[in-house]
Amino acid sequence: MLIELEKARTRNNVVRIFREELDGPDSWTDGFVVDANEEMVLLQLVDDSVRLNGYQVLFLEDISDFAHPAPFNDFQKKVLSLRGEEVVDPEVELDDLAVLLIDISEEFGLVTLHREEVEPDSCEIGRVIKADAVTYELEEIGSDARWFDDTFEYDLYDITRIEFGGAYEDALMLANDDMGDDSYELSDDYPDDGIVDDE
């Protein structure tokens, strides 16, 4: 699989990746391979409106199948070219998961973390402020774009998918930056439990 992913990267083709056990047989991800190693692949995503929309890290052990090139590769590449959108390497390293999370948080402000085997219908969004070989500590942001007062600790290897640099993360940061003194929780009775439902 790694050889085929590298071919896709070299040829700048869109790949379609399936994770049947986690997503079901009718769901997939389309994107350009930016980097890959024996454990992970970094994609720049192509969304349904044929725009580049952030990045996603998947684990090779979760991938059940993939198509190279993707079924609409030529069309997607043509539209992106007409729109002047080009693949950009976010320059994050895949060698160490803990370091990767810190780097993404520092460079992009927010990271979306999915733990689909533990919480299949939700994800956490925030910035990782500490990580080691076993756990990570996350300062989370709610769907109202306010930071939670507390941080939360999770098991590092419960993570099944990582996303960053997309339109939704950008929207949260844009709204939070505009809040000034109200950028954190407004009260101790904040109703959100720190879990953001997937779209």
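Computed from heavy atoms alone, side chains included, the values below leave out hydrogens, waters and symmetry copies.
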> Could you state the interatomic distance from CD1 (Ile141) to CG (Leu110), rounded to the nearest 0.5 Å?
Replying inline: 5.0 Å
>> Please give me the minimum heavy-atom distance between Leu52 and Val87, naming the atom from each residue.
In response: CD1-N, 4.0 Å
>> Do Thr151 and Glu139 pair up side chain to side chain, a donor and an acceptor below 3.5 Å, judged on atom types alone?
In response: no
> How about Glu163 and Val111: do any of their side-chain heavy atoms sit closer than 4.5 Å?
Replying inline: no
>> Please determine whether residues Val15 and Val50 belong to a single hydrophobic cluster, defined as Ile, Leu, Val, Met, Phe, Trp and Tyr linked transitively by side-chain heavy-atom distances below 4.5 Å.
In response: no
>> Within the structure provided, determine whether Leu97 and Ile162 are in side-chain contact (heavy-atom separation under 4.5 Å).
In response: yes
>> Nearest 0.5 angstrom please: Ser105 OG to Ile129 CD1, how far?
In response: 9.5 Å
> Should side-chain heavy atoms under 4.5 Å link Ile, Leu, Val, Met, Phe, Trp and Tyr, which residues sit in the same cluster as Phe18?
Replying inline: Trp28
> Just by distance, do the side chain of Gln44 and the backbone of Val33 share a donor-acceptor pair under 3.5 Å?
Replying inline: no
> Are more than 12 heavy atoms from other residues, nucleotides or ligands located less than 6.0 Å from atom CG of Asp132?
Replying inline: yes
> Below 4.5 Å, heavy atoms only, C-beta onward: do Thr135 and Leu156 meet side chain to side chain?
Replying inline: no
>> I need the full list of salt bridge (charged side-chain N to carboxylate O under 4.0 Å, His left out) pairs touching residues 87-109, with sequence neighbours left out, sorted by first then second residue.
In response: none
> Can you list every side chain to side chain donor-acceptor pair (under 3.5 Å) pair that touches residues 169-179, not counting sequence neighbours?
Replying inline: Thr112-Glu169, Trp147-Asn176
> Around Ile3, counting heavy atoms of other residues, nucleotides and ligands shown, do more than 12 lie under 6.0 Å from its CD1?
Replying inline: no
> Hey, any chance Val92 and Leu138 share a hydrophobic cluster, counting ILVMFWY side chains that come within less than 4.5 Å of each other, even indirectly?
Replying inline: yes
>> Is there a side-chain contact between Thr160 and Glu117 in this structure, where contact means two heavy atoms from C-beta onward sitting under 4.5 Å apart?
In response: yes
>> Rounded at 0.5 Å granularity, tell me how far OG1 in Thr29 sits from CD in Gln56.
In response: 4.0 Å
> Restricting to pairs with a member in residues 36-67, which pass ring-ring contact (aromatic ring centres under 6.0 Å, His included), not counting sequence neighbours?
Replying inline: Tyr55-Phe164
> Any sub-3.5 Å donor-acceptor pair from Glu85's side-chain atoms to Arg51's backbone N or O?
Replying inline: no
> Can you check whether Leu2 reaches Glu38 side chain to side chain, under 4.5 Å on heavy atoms?
Replying inline: yes
>> Can you list everything that forms a salt bridge (charged side-chain N to carboxylate O under 4.0 Å, His left out) with Glu6? Sequence neighbours excluded, please.
In response: Arg9
> Looking at side-chain heavy atoms only, is the closest gap between Val57 and Val41 below 4.5 Å?
Replying inline: no
> Please, which pairs that meet ring-ring contact (aromatic ring centres under 6.0 Å, His included) have at least one residue in residues 68-87, sequence neighbours excluded?
Replying inline: none
>> I'd like to know if the side chain of Ser27 and the backbone of Gly24 have a donor-acceptor N/O pair within less than 3.5 Å.
In response: no
>> Under a plain distance cut-off of 3.5 Å, with no hydrogens placed, do Asn13 and Lys7 share a side-chain donor-acceptor pair?
In response: no
> How many angstroms lie between atom CD of Glu20 and atom CG of Asp65, to the nearest 0.5 angstrom?
Replying inline: 9.0 Å
> Under a 4.0 Å N-O cut-off, is there an ion pair linking Arg19 with Asp23?
Replying inline: yes
>> Quick check: do Asp30 and Gln76 have side-chain heavy atoms less than 4.5 Å from each other?
In response: yes
> What distance separates Phe32 CZ from Asn12 CG, expressed to the nearest 0.5 Å?
Replying inline: 5.5 Å
> For the residue pair Phe108 and Pro90, what are the closest heavy atoms and their distance?
Replying inline: CZ-CB, 3.6 Å
>> So Phe152 and Glu140, do their side chains get closer than 4.5 Å, heavy atoms only?
In response: yes
> Just how far is it from atom CD1 of Ile102 to atom CD of Glu137, taken to the nearest 0.5 Å?
Replying inline: 9.5 Å
> Same cluster for Met40 and Tyr154 if Ile/Leu/Val/Met/Phe/Trp/Tyr side chains link at under 4.5 Å?
Replying inline: yes
>> With a 6.0 Å cut-off (strictly less than), is the heavy-atom count around CD of Glu153, excluding the residue itself, greater than 12?
In response: yes
>> When you measure from the side chain of Asp155 to the backbone of Val134, do you find a donor-acceptor pair of N or O atoms at a distance under 3.5 Å?
In response: no
